[in-house]
2 protein chains.
Amino acid sequence: MQIADSPLARKLGSFVLLTDTELETLEALHRRRRRFVAGKDLVHQGQSDQSAYVLAKGWACSYKMLPGGTRQIVDFQIPGDFFGLRSILFRTSDHNVEPVTKIEASEILATDLLDAFQRAPRLATAVLWAASRDEAMVVEHLVSIGRRNGEERMAHFLLEMSARLMLVGQGDRTGFDCPLSQYLLADALGLSAVHVNRVLRTLRHDGLVTFQRGRVTFHNIDALAELAGFDATYLDHDGPLLR
Amino acid sequence: MQIADSPLARKLGSFVLLTDTELETLEALHRRRRRFVAGKDLVHQGQSDQSAYVLAKGWACSYKMLPGGTRQIVDFQIPGDFFGLRSILFRTSDHNVEPVTKIEASEILATDLLDAFQRAPRLATAVLWAASRDEAMVVEHLVSIGRRNGEERMAHFLLEMSARLMLVGQGDRTGFDCPLSQYLLADALGLSAVHVNRVLRTLRHDGLVTFQRGRVTFHNIDALAELAGFDATYLDHDGPLLR
DNA sequence: CGATGCTTTGAATATTTTCAATATTTGTGG
DNA sequence: CCACAAATATTGAAAATATTCAAAGCATCG
């Protein structure tokens with residue numbers, strides 16, 4: 001069995017040991033490489049016949065708009081991540097996706113995905129697993145917003161992003177490059193942008209972490225994890241369950 | 001093709017037109033009917049080899065504990081709902097499940113589910129769809145906690161529960177029976193129990209909704225939906241995508 | 001009927017937002 | 001490479017929102 005080097009194959013392969021047919025079917029999903037500029041939505045809440053994507057380069061975010069004009073960012077996507085899957089399964093999208101930076105992504109049409117599941121049925125189980133992993137992240141995000149204060153939320157968020165980025169070979173224990181503005185952080189963490197600024201100042205003054213000029217630098221990652229109550233098990237790959 | 005009357009078959013059938021084999025395979029998942037008393041967890045955060053369940057009677061909730069001893073309820077389950085799916089896919093559970101009332105549920109072992117996927121591969125796609133629908137609810141919950149105030153959150157929550165209950169034939173436009181205490185509501189909505197009480201008083205005084213002695217009564221459901229910014233599309237079934 | 005859990009209310013405090021103003025950084029065209 | 005405009009970050013003060021602590025009133029169920 002050959003090793004595929006697409007991020008998607010690597011991710012799914014950690015759950016299901018993929019056969020050659022399955023690998024080929026996966027690779028076929030990567031025709032239709034697209035580029036998008038930052039800030040212009042590529043999946044639209046309420047629209048039908050939207051595609052899903054696998055992100056290859058750059059950062060994006062999924063969010064929902066509220067009647068008052070505010071929004072809540074549900075999730076950030078980094079290279080190797082899926083997005084827009086629900087737009088396929090529900091025919092019409094319940095959320096928006098906006099590139100945070102300029103991005104490159106493979107577009108996956110509804111029929112592509114359903115055909116792939118027909119050709120290689122175990123892929124459906126693998127995608128179910130990947131989607132559940134994403135759901136676990138949303139759940140942890142929910143817990144953060146529901147029960148952690150500003151500092152704890154920020155700490156947890158930065159640690160989670162760091163762990164996710166390290167899984168795809170970006171950043172290290174000292175920190176990571178981060179293209180998010182304080183407005184984006186606010187929309188994600190359920191805070192005001194002003195408060196995000198104050199929270200970052202507090203964490204900086206306490207010698208825990210610095211976020212300046214697009215770079216997150218950890219000064220005391222253990223104290224930060226302690227503050228956040230951070231437990232990365234929900235991100236861990238354990239080795240394939242399906243053989 | 002016969003019509004199966006299990007809630008699971010009805011739910012998955014709204015996404016995939018199920019064949020006889022698929023229906024039989026589904027029904028086989030309903031051996032192992034279990035009863036549980038209220039308040040005693042049946043899925044445990046951090047434990048491995050946990051089962052998933054399909055709820056037949058009663059209400060349950062999924063939640064996560066935090067280091068400080070507080071908890072965040074992620075989701076309530078009502079008859080027909082799945083829970084503990086992630087405990088199977090990840091071998092170890094990242095959350096707890098507690099019966100709110102006494103419940104009856106069918107236990108589904110990891111091997112049961114994976115065998116069923118092998119025997120009837122389209123079931124995996126159907127379960128992916130159902131899991132995505134659950135994820136959409138968690139996302140809406142996240143949005144609520146992140147960007148709505150106490151009154152809006154409560155309004156949204158009550159409307160969502162009403163819509164979900166009506167899908168399984170419980171309650172109507174005038175209201176529904178609800179076994180949740182203000183403590184449970186607080187843990188779900190990311191508020192304190194005291195504040196939940198004040199929020200309910202405000203909604204009652206404003207003539208929108210009354211929640212007393214286990215019964216939710218809508219007085220002005222349109223105004224309530226307006227206040228909450230409630231849009232039920234994320235709960236809608238559209239008719240099967242897979243034939 | 002008595003114990004227990006749930007609901008209700010008040011008052012003081014903590015957290016977060018909003019509004020407003022001022023720095024700083026970044027990107028762009030000349 | 002500089003100057004300028006736009007975007008982003010920072011700070012203060014007042015107001016809104018929600019929490020905590022404490023106490024009392026109601027249900028409910030054996």
Side-chain angles (χ1 to χ4, degrees), chain A residues 37-40 59 61 66 68-73 98-102 144-155 157 177-205 209-217 227, chain B residues 37-40 59 61 66 68-72 98-102 144-155 157 177-206 209-217 227:
Chain A
V37 298
K40 199 171 164 196
W59 289 42
C61 68
L66 282 102
T70 58
R71 70 169 176 177
Q72 175 65 46
I73 292 177
E98 174 190 318
V100 170
T101 64
K102 61 182 177 186
S144 239
I145 293 188
R147 288 292 175 219
R148 290 192 248 256
N149 67 24
E151 282 76 15
E152 293 164 353
R153 257 181 244 187
M154 180 65 74
F157 174 77
D177 292 326
C178 181
L180 305 177
S181 72
Q182 295 184 352
Y183 288 95
L184 286 168
L185 288 171
D187 285 345
L189 298 181
L191 300 170
S192 67
V194 172
H195 196 57
V196 163
N197 186 278
R198 294 190 224 275
V199 164
L200 286 174
R201 178 180 49 178
T202 303
L203 293 177
R204 197 179 331 123
H205 285 184
V209 62
T210 300
F211 185 170
Q212 270 167 338
R213 258 162 276 114
R215 176 84 196 171
V216 173
T217 309
L227 171 67
Chain B
V37 298
K40 197 170 166 198
W59 289 42
C61 69
L66 283 101
T70 59
R71 68 170 178 177
Q72 175 65 45
E98 173 190 318
V100 170
T101 64
K102 62 184 177 184
S144 239
I145 293 189
R147 287 294 174 220
R148 289 190 249 257
N149 67 23
E151 282 76 15
E152 294 164 352
R153 255 181 245 188
M154 181 65 74
F157 174 76
D177 292 325
C178 182
L180 305 177
S181 71
Q182 296 184 354
Y183 287 94
L184 285 167
L185 288 170
D187 285 345
L189 299 180
L191 300 171
S192 67
V194 172
H195 196 57
V196 163
N197 186 275
R198 295 191 224 276
V199 164
L200 286 174
R201 178 179 52 177
T202 303
L203 293 177
R204 197 179 332 124
H205 286 182
D206 291 352
V209 63
T210 300
F211 186 168
Q212 271 166 338
R213 258 164 281 116
R215 175 85 194 171
V216 173
T217 309
L227 171 68

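We use all heavy atoms of the structure for the numbers below, so side chains are in, but hydrogens, waters and symmetry mates are not. Labels below follow one simple rule: chain letters A, B, ... track the order of the sequence lines, proteins then strands, and each chain is numbered from 1.
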> Are any non-hydrogen side-chain atoms of Leu189(B) and Ile145(B) less than 4.5 angstrom apart?
Replying inline: no

>> Strictly below 4.0 Å, N to O, side chains only: are Glu98(A) and Arg71(A) in salt-bridge contact?
In response: yes

>> So, using side chain to side chain donor-acceptor pair (under 3.5 Å) as the criterion, who are the partners of Thr210(A) when residues are at least two apart?
In response: His219(A)

>> As an exercise, state the distance from CD of Gln72(A) to CG of Asp187(A), rounded to the nearest 0.5 Å.
In response: 7.5 Å

Is there any protein nitrogen or oxygen under 3.5 Å from a nitrogen or oxygen in nucleotides 7-10 of chain D, and what are the pairs?
{"residue": "dA9(D)", "atom": "OP2", "partner": "Gln182(A)", "partner atom": "N", "Å": "2.6"}
{"residue": "dT10(D)", "atom": "OP2", "partner": "Gln182(A)", "partner atom": "NE2", "Å": "2.7"}
{"residue": "dT10(D)", "atom": "OP2", "partner": "Asn197(A)", "partner atom": "ND2", "Å": "2.6"}
{"residue": "dT10(D)", "atom": "O5'", "partner": "Asn197(A)", "partner atom": "ND2", "Å": "3.0"}

> Could you walk me through whether Arg148(B) and Leu66(A) pass the side chain to side chain contact (heavy atoms under 4.5 Å, CB included) check?
Replying inline: CA-CA 9 Å; Arg148(B) 289 190 249 257; Leu66(A) 282 102; 3.6 Å; yes

>> I need the minimum non-hydrogen distance between Arg153(B) and Gly190(B), along with the two atoms involved.
In response: NH1-O, 3.5 Å

> What is the 5' to 3' range of DNA chain C, first to last nucleotide, that sits under 4.0 Å from any heavy atom of chain A?
Replying inline: dT16(C) to dT26(C)

>> What's the separation between atom NE2 in His195(B) and atom CZ in Arg201(B), rounded to the nearest 0.5 Å?
In response: 10.5 Å

>> Going by the rule side chain to side chain donor-acceptor pair (under 3.5 Å), which residues pair with Asn149(B) if we only count those two or more places apart in sequence or in a different chain?
In response: none

>> What contact category does Gly214(A) fall into here, base, sugar-phosphate, or nothing, at under 4.0 angstrom with non-hydrogen atoms?
In response: nothing

> Quantified as the angle between the terminal helix axes (five pairs each), what is the overall bend of the helix from dC1(C)-dG30(D) to dG30(C)-dC1(D) to 10 degrees?
Replying inline: 50°

> Reckon Arg213(A) touches a base, only the sugar-phosphate, or nothing at all at heavy-atom distances under 4.0 Å?
Replying inline: sugar-phosphate

>> Output the rounded distance in Å from CZ (Arg147(A)) to C1' (dA18(D)).
In response: 11 Å

> With a 4.5 Å limit on heavy-atom distance, are the side chains of Glu151(B) and Leu203(B) in contact?
Replying inline: yes

>> If the condition is ring-ring contact (aromatic ring centres under 6.0 Å, His included), which residues does Phe211(A) pass it with, not counting sequence neighbours?
In response: none

> Contact class for Gly39(A) vs. all strands (heavy atom < 4.0 Å): base, sugar-phosphate, or nothing?
Replying inline: nothing

